[in-house]
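Below, read A as the first sequence line, B as the second, and so on, with proteins coming before strands; counting in each chain starts at 1.
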Protein chains: 2
Amino acid sequence: MVTNTISRLIENPHNCPVTRAMSIIGGKWKPIILNCIGEKSLRFGKLRQYIPAISNKVLSNELKELEQFGLIERIEYKELPPRVEYHLTQAGRSLLPILHEIARWGKTELAIEIIEKAS
Amino acid sequence: MVTNTISRLIENPHNCPVTRAMSIIGGKWKPIILNCIGEKSLRFGKLRQYIPAISNKVLSNELKELEQFGLIERIEYKELPPRVEYHLTQAGRSLLPILHEIARWGKTELAIEIIEKAS
DNA sequence: AATACTGGTAACCAAATGGTAACTAACACA
DNA sequence: TGTGTTAGTTACCATTTGGTTACCAGTATT
């Protein structure tokens, strides 16, 4: 069973949009996965190469959730050995501006320094 | 003791900027807190009002981490009853474009629908 | 003397998340 | 027959995170 990410959802009387967005794309791996896929179409194994620190199980779960949210599409080719490709849906592509901003900030000296100091 | 957020840090051979950024501002509450503070100066109690679902302990920890990262500043006024105010540093304000993108997306029909379906 | 106020802290417990290792299908190739 | 391939699943366990309750200082108010 896939754990329901929306359990992270917070009842907020102000109905905060940031809360809503983070309930969907927050979490340790989702932005990284979405950013890896980007405009491309990626196989499961390729994602594992790009994000070696993620385990089979967790990657599989995260992909399922993203698919349930309609942010990515999973295409299974009936071949042997099996081939499955993931790509962003139109909804998923609407997240690209967020991902670009995050990536931009993550490239700054500031971000690099914060990580260094904290390590 | 404050749990070290950087434990979330992922060793990534590609040295991914999204991973870096999410190690710093990822997590359930940080973007929400940063967004609440925004351009303002907010007291601890006010933050608890804006984010009622967060507990004392967790809010306190998150604020400490954000302060350690140099993203917010904590100013303690020697008054009675005590008054403490938090505001974004210049570094913290560099996150505003990310937060604005997240908030913008969180306001879309799409985000609202995803939350509804998943609830 | 008791209560309220703010901004926390400490001890303890529960739940969510993440990780590991072994295993699977179904065929190709040696 | 044994090995390799991909895309996972399963069971189990460890870590992380979050939540609850009680408590504190130090003054003002009732």
Side-chain angles (χ1 to χ4, degrees), chain A residues 1-12 19 22-23 25-33 37 41-68 72-87 118, chain B residues 1-12 19 22-23 25-33 36-37 41-67 72-87 118:
Chain A
M1 215 240 302
V2 183
T3 20
N4 190 0
T5 312
I6 291 297
S7 63
R8 254 194 280 113
L9 188 56
I10 300 143
E11 358 57 56
N12 188 322
T19 304
M22 293 312 292
S23 300
I25 56 156
K28 189 170 171 178
W29 302 106
K30 290 205 180 57
I32 299 172
I33 293 171
I37 299 179
S41 196
L42 279 190
R43 299 180 64 166
F44 188 87
K46 207 69 184 165
L47 273 167
R48 293 229 44 207
Q49 279 178 39
Y50 286 160
I51 320 170
I54 201 172
S55 70
N56 261 357
K57 184 187 98 172
V58 173
L59 177 55
S60 169
N61 282 349
E62 302 280 292
L63 289 170
K64 266 183 208 160
E65 287 182 1
L66 290 172
E67 198 194 353
Q68 278 174 16
I72 64 174
E73 193 183 8
R74 178 182 188 278
I75 301 182
E76 198 175 337
Y77 297 88
K78 302 286 180 198
E79 299 175 359
L80 265 157
R83 179 158 69 104
V84 177
E85 292 199 341
Y86 296 92
H87 64 262
Chain B
M1 218 239 301
V2 183
T3 21
N4 191 359
T5 313
I6 291 296
S7 63
R8 255 192 282 114
L9 187 56
I10 300 141
E11 356 60 52
N12 189 323
T19 304
M22 295 312 291
S23 299
I25 55 158
K28 189 170 171 179
W29 302 105
K30 289 203 181 62
I32 300 171
I33 294 170
C36 279
I37 299 179
S41 195
L42 278 190
R43 300 179 63 168
F44 189 86
K46 206 72 184 166
L47 273 166
R48 294 231 41 207
Q49 278 179 39
Y50 286 159
I51 318 170
I54 201 171
S55 71
N56 260 358
K57 185 185 98 172
V58 173
L59 178 55
S60 170
N61 283 348
E62 303 278 290
L63 289 170
K64 267 184 208 158
E65 288 182 1
L66 290 172
E67 200 194 351
I72 64 174
E73 193 183 8
R74 178 184 187 276
I75 301 182
E76 196 175 337
Y77 297 89
K78 301 289 180 194
E79 299 176 3
L80 266 154
R83 178 158 69 102
V84 176
E85 293 199 341
Y86 295 90
H87 61 88

(request) Please report, rounded to the nearest Å, how far the P atom of D:dG8 is from the OH atom of A:Tyr77. (result) 13 Å
(request) Could you check which of C:dT9, C:dG19, C:dG7 has an atom nearest any side-chain atom of A:Trp29? (result) C:dG19
(message) Could you tell me how far apart B:Lys46 (NZ) and C:dG7 (P) are, to the nearest whole angstrom?
(response) 11 Å
(request) Verify the contact: side-chain N or O of A:Lys78 to OP1 or OP2 of D:dA7, cut-off strictly under 4.0 Å; return yes or no. (result) no
(request) Just call it for B:Ser60: base, sugar-phosphate, or nothing, with non-hydrogen atoms closer than 4.0 Å on any strand. (result) sugar-phosphate
(message) Between C1' on D:dG18 and CD1 on B:Ile51, what's the gap in Å once rounded to a whole number?
(response) 15 Å
(message) On DNA chain D, does the nearest nucleotide to A:Arg43 precede the nearest nucleotide to B:Asn56 from the 5' side, or the other way round? Give the residue.
(response) A:Arg43
(message) Testing B:Arg48, B:Lys30, B:Lys28, B:Lys57 one by one against B:Glu62 for a salt bridge (charged side-chain N to carboxylate O under 4.0 Å, His left out), which residue passes?
(response) B:Lys30
(message) Heavy atoms from C-beta onward define the side chain here; which of C:dC5, D:dT6, D:dG18 lies closest to that of B:Pro81?
(response) C:dC5
(request) Rounded to the nearest angstrom, tell me the gap between atom CD in A:Gln49 and atom P in D:dG8. (result) 15 Å
(message) Please determine whether a side-chain nitrogen or oxygen atom of A:Lys57 lies at a distance below 4.0 Å from atom OP1 or OP2 of C:dC23.
(response) no
(message) So if I take every side-chain heavy atom of A:Val58 and compare against C:dT6, C:dG18, D:dG19, which nucleotide ends up nearest?
(response) C:dG18
(message) What is the distance, to the nearest angstrom, from the CD atom on B:Glu76 to the P atom on C:dG8?
(response) 7 Å
(request) In whole angstrom, give the distance that lies between atom CG of A:Leu59 and atom P of C:dT17. (result) 17 Å
(request) Round to a whole Å and report the spacing from CD of A:Glu79 to C1' of C:dA28. (result) 14 Å
(message) Quick check: do B:Glu85 and B:His87 have side-chain heavy atoms less than 4.5 Å from each other?
(response) no
(request) Please tell me if the side chains of B:Phe44 and B:Leu47 come closer than 4.5 Å, counting only heavy atoms from C-beta onward. (result) no
(message) Taking the minimum atom-to-atom distance to the side chain of B:Phe44, which one of C:dG8, C:dG18, D:dG18 wins?
(response) C:dG8
(message) Rounded at 0.5 Å granularity, tell me how far CD in A:Gln49 sits from CG in A:Leu42.
(response) 10.0 Å
(request) Classify the nucleic acid contact of B:Tyr86 as base, sugar-phosphate or nothing, counting any heavy atom under 4.0 Å across all strands shown. (result) sugar-phosphate
(message) Pick the closest DNA chain C nucleotide for A:Pro82 and for B:Arg83 by heavy atoms, then say which residue is nearer the 5' end.
(response) B:Arg83
(request) Would you indicate which nucleotide in D:dT20, C:dC27, C:dG8 comes nearest to any side-chain atom of A:Leu80? (result) C:dC27
(message) For a quick check of understanding: with a heavy-atom distance under 4.0 Å over all strands, which category does A:Arg74 fall into, base, sugar-phosphate or nothing?
(response) sugar-phosphate
(request) Evaluate the side-chain proximity of A:Tyr86 to A:Ile33: yes if any heavy-atom separation is below 4.5 Å, no if none is. (result) no
(request) Would you mind reading off the distance between B:Ile54 atom CD1 and C:dG7 atom P, rounded to a whole angstrom? (result) 15 Å
